[in-house]
2 protein chains.
Amino acid sequence: MPSPLGDKIRMLRKQKKLSLDQLAERTDSSKSYIWELENKDDPKPSAEKIGKIAAVLEVTAEFLLTEATTTPDEAVVDEAFFRKYKTMSEPDKKKIRKILDAWDDE
Amino acid sequence: MPSPLGDKIRMLRKQKKLSLDQLAERTDSSKSYIWELENKDDPKPSAEKIGKIAAVLEVTAEFLLTEATTTPDEAVVDEAFFRKYKTMSEPDKKKIRKILDAWDDE
DNA sequence: TGATGTCGTTCGGTATGCCGAACAAATTCG
DNA sequence: CGAATTTGTTCGGCATACCGAACGACATCA
């Protein structure tokens, strides 16, 4: 019954050898709530909590929240793409963004 | 009485010429709630809502939550773009890459 | 053995995130 | 101008995020 978010939190917490109490303390939460995040069905924490938890666990909030749907080697290609994008001029980048923006308007 | 978060949302929303209703629709929210985020004292939205709002406004969630200024700098916009790109299907991503590859041999 | 401590689990209550619907203001258009 | 439409605002209420406190499970150590 746990969620991907819960699994990630538990895994990272144990990796850092923290108890529920310790993680709770460092994230201004209660341990019962950390437990809920790890074990309940579909937790919907606030941005604030996720931010603090991510900081303590030394990952990005994005990592905790997204489903990691790409394979590692896809990720490499994506990173390369992003690097190239960043070398472009601002007006050109804007054009690319526009293209992406309009992508799924039927 | 508005918060920094509220100011940023309002600013970016107007910049994109969206009404409360339109932004609400695109973020699976109600317009009354978007209004609350913009105008209430100390809003504490869920990570889910902030993620969706950030995506539509084309900034990062961290920018909305932590940054002091109301206007995102280039890096924030780039990062938001990259996140949006990563949500696309692999074939679609490939097309975008092709476009970028063909960019500078005019 | 049983006292002490640490860890995870459960649960009742409170605050508030978030909603829909009604209302007010502004804007468009005849 | 007035009617229609679009925008922003207010408000009552449901659902749930988040809490503290009590509980059981397990290890440690006298």
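Proteins come first, then strands; the chains are lettered A, B, ... in the order of their sequence lines, and each starts at number 1.
Distance CD1 (A/Ile53) to C1' (D/dA17): 12 Å, rounded to an integer number of Å. Distance, A/Lys40 NZ to D/dT16 P: 8 Å, rounded to whole Å. Summarising the geometry, the separation between CD on A/Glu38 and P on C/dG8 is reported as 8 Å, rounded to the nearest angstrom.
The shortest distance between the side-chain N/O atoms of B/Lys49 and the OP1/OP2 oxygens of C/dC19 is below 4.0 Å. Of the side-chain N and O atoms in A/Trp35, one or more sit less than 4.0 angstrom from OP1 or OP2 of C/dT9.
Comment: A/Lys98 does not engage A/Asp101 in a salt bridge, judged by the lack of any side-chain N to carboxylate O separation of less than 4.0 angstrom. Residues A/Lys93 and B/Asp78 are paired through a salt bridge, judged by an N-O separation under 4.0 Å between the basic side chain and the carboxylate. A salt bridge links A/Arg97 with A/Glu90: the closest approach of a Lys/Arg side-chain nitrogen to an acidic carboxylate oxygen falls below 4.0 angstrom.
Taken to the nearest 0.5 Å, the CD atom of A/Glu38 stands 12.5 Å off from the NZ atom of A/Lys31.
Using a 4.0 Å heavy-atom cutoff across all strands shown, A/Pro43 reaches no nucleic acid atom at all.
Within the structure, side chain to side chain donor-acceptor pair (under 3.5 Å) contacts touching residues 59-73 of chain B (residues at least two apart or in different chains) are B/Glu62-B/Arg83.
Residues from residues 4-28 of chain A placing a heavy atom under 4.0 Å of any atom in DNA chain C, listed by number, are A/Arg13, A/Ser19, A/Leu20.
A/Lys31 contributes a side-chain N or O that forms a donor-acceptor pair with the base of C/dG8 under 3.5 Å. Between the side chain of B/Ser32 and the base of C/dG20, at least one donor-acceptor pair of N or O atoms lies under 3.5 Å.
For the pair B/Phe82/A/Tyr85, no side-chain contact is recorded, criterion being any heavy-atom separation below 4.5 Å from C-beta on.
Comparing atom distances between the A/Glu36 side chain and each of D/dT7, D/dC19, D/dA17 picks out D/dC19 as nearest. Candidate nucleotides C/dC19, D/dT10, D/dA17 were compared by shortest atom distance to the side chain of B/Ser29, and C/dC19 ranks first.
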